[in-house]
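The shown structure was predicted, so the numbers you read here are calculated from the model rather than taken from an experiment. Residues take their numbers from the sequence shown, with the count starting at 1.
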Amino acid sequence: MILKALDTLHISSVSSNNLLAGQTFELDDHFGKLLIERGLADEVAENAPAPAVIRKTGSTHRTKAG
């Protein structure tokens, strides 16, 4: 589900940085509906452009091998 933040949010599974009001992001349907119910986000139409923040898939930090 693609959402648009209505206020500053911090969702660690989306980004290590705060999401600012108006910023779009992707979140699973269950938690997306919870944010909508709490008035913290609105759902973005399916044909809208890709979100500026993409959900985090793993660490971008390199670790020592071996």
Side-chain angles (χ1 to χ4, degrees):
M1 164 180 286
I2 297 177
L3 301 167
K4 182 168 137 181
L6 298 178
D7 200 354
T8 301
L9 300 171
H10 181 82
I11 305 171
S12 60
S13 64
V14 174
S15 173
S16 59
N17 298 319
N18 286 342
L19 299 167
L20 304 176
Q23 201 168 5
T24 57
F25 59 97
E26 185 174 351
L27 195 61
D28 67 72
D29 290 348
H30 173 74
F31 290 110
K33 289 176 185 176
L34 290 174
L35 289 177
I36 292 169
E37 288 173 5
R38 294 177 64 189
L40 298 172
D42 277 334
E43 187 171 7
V44 176
E46 290 183 25
N47 58 357
V53 174
I54 304 299
R55 83 189 129 90
K56 197 164 51 170
T57 57
S59 177
T60 58
H61 301 291
R62 295 186 60 92
T63 59
K64 292 181 182 178

Cluster check [X], [Y]: I/L/V/M/F/W/Y, side chain < 4.5 angstrom:
X     : Y     : answer
Leu6  : Ile2  : no
Leu40 : Phe31 : yes
Val14 : Leu34 : yes

> How many angstroms lie between atom CG of Asp42 and atom CD1 of Ile36, to the nearest 0.5 angstrom?
Replying inline: 7.0 Å
> To the nearest 0.5 Å, how far apart are CD in Glu43 and CG in Asp29?
Replying inline: 7.5 Å
> Asn18: what forms a side chain to side chain donor-acceptor pair (under 3.5 Å) with it, not counting sequence neighbours?
Replying inline: His10
> Do the side chains of Phe25 and Leu35 get nearer than 4.5 Å, heavy atoms only?
Replying inline: yes
> Looking at residues at least two apart in the chain, or sitting in another chain, which of them share a side-chain contact (heavy atoms from CB on, under 4.5 Å) with Leu20?
Replying inline: Thr8, Gln23
> After noting the C-alpha distance and the side-chain angles of Met1 and Leu27, does the key distance pass the side-chain contact (heavy atoms from CB on, under 4.5 Å) rule?
Replying inline: CA-CA 6 Å; Met1 164 180 286; Leu27 195 61; 5.8 Å; no
